[in-house]
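Data block below; observations after.
In what follows, chains are A, B, ... by sequence order, proteins preceding strands, each numbered from 1.
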2 protein chains.
Amino acid sequence: MGVKERKERDRQEMREIILKSAYKLFLERGFDDVSIRNVAEAIEYSPATIYLYFKDKNEIIHALHRQAFEMLNKQFQPLAKIADPFARLSEMGKAYIKFAIKNAEMYKLLFIRSEPMEHLANCQETEWKEGDMAFDALAQTVAQCQQKGYFKNFDTHQFSMMTWSFTHGLCALRLSGHLGRVKEERESNRKLDQIMNETLSTFIQTLQKLKK
Amino acid sequence: MGVKERKERDRQEMREIILKSAYKLFLERGFDDVSIRNVAEAIEYSPATIYLYFKDKNEIIHALHRQAFEMLNKQFQPLAKIADPFARLSEMGKAYIKFAIKNAEMYKLLFIRSEPMEHLANCQETEWKEGDMAFDALAQTVAQCQQKGYFKNFDTHQFSMMTWSFTHGLCALRLSGHLGRVKEERESNRKLDQIMNETLSTFIQTLQKLKK
DNA sequence: GCATTTTTATAAACACTGTTTAGTATTTTA
DNA sequence: TAAAATACTAAACAGTGTTTATAAAAATGC
């Protein structure tokens, strides 16, 4: 009588196959240039079959969104062992930027696209575990910095929001192509990666001076 | 023999009509939900006619992109009369955020969408007057702050990049719907506008402490 | 003024998109 | 083995950006 269980396993397996294929195609061609038909062709099923396993394209997006968040959180895990919280904060910034550059399409999915957030809102999900986990890692580090005397008289949450806004802004400008269009960067022959590192350094320097 | 001149005027007029209609529809429905056919219907011409005046949809986007930049630069103009450069910098941040919230679709066009930048690259345009103007307004203010003793030992350009990254990041997170999904913000009943202002304040405070 | 060339506009088509429906195989259950 | 449930798909629907062939209108040359 394990039929139902096996069917459920098969179902999840098929979902995984679809997601894996979609993920691969998204990385290759970018998000907007992959259609349901492309995914169907890749897994050698008809387009309609996809809709037996996912409500619509947004549900696929959202599933990948969760996976991408797990990837990002994994990038942060090794940094937990850095004892000095300020050094850790700095390395988190670097890791964040590195992730955004290396996984551009995934980063867009995580933080730039509106669809995943809209899907979340449509599902009436009030929680958002993956997102909270990533932000908490930042907020905790900020809190520990404050315990060590940095950023005194700042609200921990507000301060964390600020650092996230900065780092995201830098990544977003890079991925949208705006960074390379700034006059100074156009005319210099510095690589975009270098520009980003320098801008991050400027921010870290700024924070460093806040140690009372 | 002024026929050619009149025809050129008519041509520009038609381009304006198309742009005006497209702009209106974009504001109403958002960018992705307006098709060439919608624009054509609004101006009571066939879709193919649009292609006699614009190479493709991207050229329309780019034309609106330029107009949006002029709008943004106009928002900054009144701030030029603020004598204290630090106060001006602060007000520029506020004006920037206000613009992003009030003209969400235009902001997306300006700084989030990749298409306008891609179009710029495809045209082999090396210059970017509108963009430079906006950034220069920021860089000049930063430079004047430095003359007054703020942000000493920082590179003007790097520092300007940092402030832009922060402000853009904040706006981008808001417009993509991520801001309202942060745990603390979910659970508080503060308005998103208020959150943004508080985060900006935190940033301004941070900068203020950099006055040697 | 009339024929010829140039310009302007469009209907229809092309190759796509996400998604739904109706119908056919296959598998499970009774 | 017959009935019910499940898995799958071909075809269609309504839309997208864009191109092409064709018809109407306007400007030009004689």
Pair A:Gln194-A:Glu198, side-chain donor/acceptor within less than 3.5 Å: yes
Earlier contact from the 5' end, DNA chain C, for A:Ile36 and B:Ile50: B:Ile50
B:Ser35 and its side chain to side chain donor-acceptor pair (under 3.5 Å) partner, picked from B:Asp33, B:Asp32, B:Asn38: B:Asn38
Donor-acceptor side-chain pairing of A:Ser160 and A:Thr163 below 3.5 angstrom: no
Of A:Leu109, A:Leu110, A:Leu64, the residue whose pairing with A:Phe69 passes side-chain contact (heavy atoms from CB on, under 4.5 Å): A:Leu110
Euclidean distance, atom CZ of residue B:Phe31 to atom C1' of D:dG17 [Å, nearest integer]: 12 Å
Any donor-acceptor pair under 3.5 Å from B:Gln158 side chain to A:Thr199 backbone: yes
Rounded distance (Å) that lies between atom P of D:dA27 and atom CD of B:Glu8: 15 Å
d(CG, A:Asp10; P, D:dT6) in whole Å: 14 Å
Sub-4.0 Å heavy-atom contacts from residues 37-48 of chain A onto DNA chain C, ordered by number: A:Arg37, A:Asn38, A:Ala48
Between P of C:dT8 and CZ of B:Arg9, the distance in whole Å: 14 Å
Flag for B:Tyr45-B:Tyr53: side-chain donor and acceptor within less than 3.5 Å: no
Residue that, paired with B:Gln12, satisfies side-chain contact (heavy atoms from CB on, under 4.5 Å) out of B:Met14, B:Arg9, B:Glu8: B:Glu8
Rounded distance in Å - NZ (A:Lys7) to C1' (C:dT28): 6 Å
Touch class at under 4.0 angstrom, heavy-atom based, for B:Thr49 against every strand present: base
Positions of residues 51-65 of chain A (non-hydrogen atom under 4.0 Å from DNA chain C), listed by number: A:Tyr51, A:Asp56, A:Lys57
Residue A:Ser35, side-chain atoms from C-beta onward, closest of D:dA26, D:dG17, C:dT17: C:dT17
Whole angstrom value for the distance that separates P of D:dG17 from CD1 of B:Ile18: 14 Å
Mutual orientation of the aromatic rings belonging to A:His62 and A:His65 [parallel < 30°, tilted 30-60°, perpendicular > 60°]: parallel
Close side-chain approach of B:Ile50 to B:Glu59, heavy-atom, < 4.5 Å: no
